[in-house]
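What follows is a single structure, and I will ask about it in a moment.
As a basis for the values below, the full set of heavy atoms in this structure was taken, side chains included, without hydrogen atoms, waters or symmetry mates.
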Amino acid sequence: MGALNLQEWNKLPISLAELCINTTLRCGQSFRWRKSEEGVWSMALHGRIIRLYQDPDNLYYRSTFPTTEIARPISSTTNASSLQDDTLPLLQHYLNLGPNLTDLYAHWSANDANFKRKAPKFTGIRILKQDAWEALVGFICSSNNNIIRISQMVDKLCRTYGPLLGRIDDHDYYDFPKPADLANSGVEQKLRELGFGYRAKYIYKTACMIAEKDDDWLDGLRNPESPAFGKDPVPGGAFVDEGREGYRLAHEELLALQGVGPKVADCVCLMGLGWGEAVPVDTHVWQIAQRDYKFGKSKHTSVTKATYDAVANKFRSLWGQEAGWAQSVLFTANLKAFSERLVAKTEVKEEIAIKEDPDAVKIEEDESAEAETIIKTDKVLVKGIKREADDKDQMLVETKHNVIRKSKRAKKA
DNA sequence: GTCGGGCCTCTGGG
DNA sequence: ACCCAGAGGCCCG
């Protein structure tokens with residue numbers, strides 16, 4: 001942490017088991033957070049620049065408003081501090097700090113031995129309550145893509161079409177552009193020049209469709225139990241394996257947008273509209289379903305609609321109301337960027353001992369009574385995570401390769 | 001309803 | 001060197 005001075009920061013006591021921003025902010029749900037060399041996460045959010053830092057006992061946070069906002073006349077009934085004071089409730093909302101995460105993990109583990117085995121190294125993951133429009137655009141970008149490139153694309157989008165909020169430590173912060181900002185002719189061409197590929201047309205068309213509708217159309221699809229920041233929750237109905245009526249309606253409405261298929265619609269439902277039962281079934285989750293939950297006997301390699309629904313329903317029946325949240329934990333555990341944790345001794349420190357005797361690294365027992373898999377362990381050289389500028393050294397780690405056995409029950413045959 | 005083929009771009013691994 | 005599969009898929013015929 002070095003020269004980082006936390007004197008001027010606000011402090012919120014919270015454990016790493018209840019929130020781990022280092023995992024939550026880079027596991028592929030939000031594509032806009034940036035991490036400094038000091039370990040400070042920062043992003044433009046709700047018209048201000050938010051900075052976050054976490055140690056084992058506290059979350060530290062601070063807001064920086066644009067100069068015009070700070071210079072705004074203060075009414076006689078409003079003191080200076082109340083201008084910034086909504087940062088805490090804003091963060092509590094955005095980081096979704098309401099639920100007790102330890103209890104949730106226990107609940108998901110109770111019916112699921114696989115979750116119980118995988119989750120302990122991926123604690124503190126929360127589903128962010130992101131702006132629905134931002135989530136929509138981000139996940140339209142995600143098709144046939146990887147998290148690093150998606151983040152670069154979203155950054156270009158904000159830099160080109162979003163309002164500049166300020167500059168901190170030689171870094172400019174732009175807020176996310178509005179639908180109307182992307183609904184102009186020439187946007188598709190510009191996005192193609194910026195490297196969006198075939199997604200340029202999807203974003204332009206979807207922006208046009210949203211801009212045509214009422215301003216509150218997208219938020220009208222929200223889970224009433226999880227309203228937008230500043231509004232009061234209303235009961236949203238009883239849970240069912242297929243998902244509640246409101247969720248299915250929201251999903252269907254989103255499918256009408258360009259570049260939005262079932263997976264992207266579920267991402268928006270889960271991370272932008274507050275529908276906890278939305279389970280996005282992507283290539284990773286499909287792999288997980290085949291490897292650990294006995295899916296895959298069907299002949300098609302790609303996920304058909306029927307298979308998609310079957311996988312999502314299976315996970316909803318297994319994990320319940322917040323199935324999408326549980327899915328995200330397993331998704332993160334399956335990401336290559338986090339694969340070092342599968343064999344790392346400790347999860348708190350970023351650095352893995354580079355010169356450590358590889359033979360001293362413990363091999364985890366990962367056999368599952370349920371999963372029909374064979375585990376092979378290999379020693380390989382992998383590069384450090386690209387986005388961490390201070391982590392370029394090559395690390396000697398071990399990875400496991402799972403080989404799917406296709407036979408239905410005859411393990412020994 | 002289902003199935004291929006094509007799609008922008010970048011990267012790690014054969 | 002070179003190619004190709006894969007990356008949090010979707011659209012079209």
Side-chain angles (χ1 to χ4, degrees), chain A residues 23-32 122 125 127-128 130 135-157 188-206 209 251 254-272 278-291 298-312 315 324-339 378-387 392 394-395 397 399 401:
Chain A
T23 310
T24 300
L25 301 184
R26 66 181 178 112
C27 69
Q29 36 175 333
S30 173
F31 305 103
R32 221 146 56 88
F122 298 90
I125 298 175
I127 295 294
L128 302 171
Q130 301 181 70
L136 175 58
V137 175
F139 285 106
I140 287 176
C141 292
S142 73
S143 75
N144 246 332
N145 212 342
N146 59 71
I147 293 175
I148 292 179
R149 187 174 162 224
I150 299 164
S151 302
Q152 290 168 347
M153 287 163 62
V154 170
D155 184 58
K156 286 179 187 170
L157 186 77
E188 178 182 346
Q189 178 59 30
K190 180 64 177 175
L191 291 179
R192 278 199 172 266
E193 290 167 12
L194 291 174
F196 281 63
Y198 61 84
R199 305 166 196 86
K201 182 165 70 180
Y202 297 160
I203 292 173
Y204 168 66
K205 295 263 190 189
T206 289
M209 294 170 78
H251 192 265
L254 291 170
L255 286 181
L257 301 170
Q258 281 291 304
V260 180
K263 186 269 175 181
V264 170
D266 270 328
C267 286
V268 177
C269 282
L270 175 65
M271 300 165 199
V279 179
V281 180
D282 54 47
T283 168
H284 288 251
V285 175
W286 176 231
Q287 287 168 18
I288 292 169
Q290 291 176 105
R291 189 190 63 203
S298 84
K299 36 216 168 274
H300 359 268
T301 52
S302 63
V303 180
T304 67
K305 168 140 180 55
T307 311
Y308 187 105
D309 291 339
V311 171
F315 285 145
W325 195 332
Q327 176 269 89
S328 291
V329 174
L330 286 192
F331 170 84
T332 304
N334 213 50
L335 279 179
K336 256 190 266 176
F338 292 99
S339 62
D378 292 325
K379 287 171 187 163
V380 292
L381 270 177
V382 298
K383 281 189 177 177
I385 297 151
K386 282 217 161 146
R387 291 164 76 186
K392 282 179 188 156
Q394 292 195 321
M395 303 180 296
V397 301
T399 60
H401 302 284

key: Under 4.0 angstrom between A:T283 side-chain N/O and C:dA7 OP1 or OP2   = yes
Residue closer to the 5' end of DNA chain C, A:R149 versus A:V264 (nearest nucleotide) = A:R149
task = Mind calculating the distance between CG (A:N144) and C1' (B:dG6) to the nearest angstrom?
result = 10 Å
query = So do the side chains of A:R26 and A:F338 get within less than 4.5 Å of each other, counting heavy atoms only?
reply = yes
Partner residues of A:F315 under the ring-ring contact (aromatic ring centres under 6.0 Å, His included) criterion, sequence neighbours left out = A:Y293, A:W319
query = For A:W286 and C:dA7, what is the distance between atoms CH2 and P respectively, to the nearest whole Å?
reply = 14 Å
ask   = In whole angstroms, how far is the C1' atom of B:dC10 from the CE atom of A:M153?
value = 11 Å
message = Between P on C:dG8 and CZ on A:F31, what's the gap in Å once rounded to a whole number?
response = 9 Å
request  = Please work out if A:C141 contacts a base, only the sugar-phosphate, or nothing of the nucleic acid, heavy-atom cut-off 4.0 Å.
outcome  = nothing
key: Any residue of residues 324-336 of chain A with a heavy atom less than 4.0 Å from an atom of DNA chain B   = none
request  = Can you tell me which residue pairs pass the salt bridge (charged side-chain N to carboxylate O under 4.0 Å, His left out) test with a partner in residues 196-206 of chain A, sequence neighbours excluded?
outcome  = none
ask   = Given the rule in the side-chain hydrogen bond (donor to acceptor under 3.5 Å, both in side chains) test, do A:S143 and A:Y198 qualify, once you have shown the distances and angles that lead to the verdict?
value = CA-CA 10 Å; A:S143 75; A:Y198 61 84; 3.1 Å; yes
query = Using atom P of each nucleotide, how far apart are C:dG13 and B:dC8 to the nearest Å?
reply = 15 Å
message = Tell me if the side-chain of A:Y198 makes a donor-acceptor pair with the base of C:dG9, cut-off 3.5 Å, by modelled atom types.
response = yes
Candidate pair A:Q29 and A:I127, rule side chain to side chain contact (heavy atoms under 4.5 Å, CB included), full reasoning = CA-CA 8 Å; A:Q29 36 175 333; A:I127 295 294; 4.2 Å; yes
message = Could you tell me how far C:dG9 sits from B:dG1 if I compare only their P atoms? Round to whole Å.
response = 24 Å
request  = Mind calculating the distance between CD (A:Q287) and P (C:dG8) to the nearest angstrom?
outcome  = 10 Å
inquiry  = Can a donor-acceptor pair be found, under 3.5 Å and without considering hydrogens, that links the side chain of A:S142 to the backbone of A:G138?
reply    = no
query = Could you spell out the base pairing of DNA chain C in dot-bracket, with Watson-Crick or G-U pairs whose two distances are under 3.5 Å, [ ] crossing and | to another strand?
reply = .||||||.|||||
inquiry  = Is there a side-chain contact between A:R192 and the phosphate of B:dC8, meaning an N or O under 4.0 Å from OP1 or OP2?
reply    = yes
task = Test A:V137 against every option in A:V268, A:L157, A:T206 by the side-chain contact (heavy atoms from CB on, under 4.5 Å) rule and name the one that passes.
result = A:L157
task = For side chain to side chain contact (heavy atoms under 4.5 Å, CB included), just list the numbers for A:N334 and A:V285, CA-CA rounded to whole Å, side-chain angles, deciding distance to a tenth of an Å, and then say yes or no.
result = CA-CA 9 Å; A:N334 213 50; A:V285 175; over 6 Å; no
task = For A:E188 and B:dC7, give me the distance from atom CD to atom P, rounded to whole Å.
result = 15 Å
key: Whole-angstrom distance between C:dG8 and B:dG4, as gauged at atom P   = 24 Å
query = Among the nucleotides C:dA7, B:dC8, B:dT2, which one has an atom lying closest to any side-chain atom of A:K305?
reply = B:dT2
ask   = Given A:R291 and A:I288, is the side chain to side chain contact (heavy atoms under 4.5 Å, CB included) satisfied, shown in steps?
value = CA-CA 5 Å; A:R291 189 190 63 203; A:I288 292 169; 4.3 Å; yes
Atom pairs under 3.5 Å, N or O on each side, protein against nucleotides 11-13 of chain C: can you list them with distances?
residue: C:dC11; atom: OP1; partner: A:G259; partner atom: N; Å: 3.0
residue: C:dC11; atom: OP1; partner: A:V260; partner atom: N; Å: 3.4

key: Exam field: side chain A:Q258 to backbone A:I203, donor-acceptor pair closer than 3.5 Å   = no
inquiry  = In this structure, how many angstroms lie between the P atom of C:dA7 and the CD1 atom of A:I147, rounded?
reply    = 11 Å
inquiry  = Which residues pass the ring-ring contact (aromatic ring centres under 6.0 Å, His included) test with A:Y308, not counting sequence neighbours?
reply    = none
message = Check whether A:T307 reaches the backbone of A:V303 with its side chain - one donor and one acceptor, N or O, closer than 3.5 Å.
response = no
ask   = Does a side-chain N or O from A:Q152 land closer than 4.0 Å to OP1 or OP2 of B:dT11, or not?
value = no
request  = Could you tell me the separation between the CD1 atom of A:I140 and the P atom of C:dG8, rounded to a whole number of Å?
outcome  = 18 Å
request  = Check every strand shown and say whether A:R199 touches a base, only sugar-phosphate, or nothing at a heavy-atom separation below 4.0 Å.
outcome  = base
inquiry  = Run A:F196 and A:C141 through side chain to side chain contact (heavy atoms under 4.5 Å, CB included) and show every step you take.
reply    = CA-CA 8 Å; A:F196 281 63; A:C141 292; 3.8 Å; yes
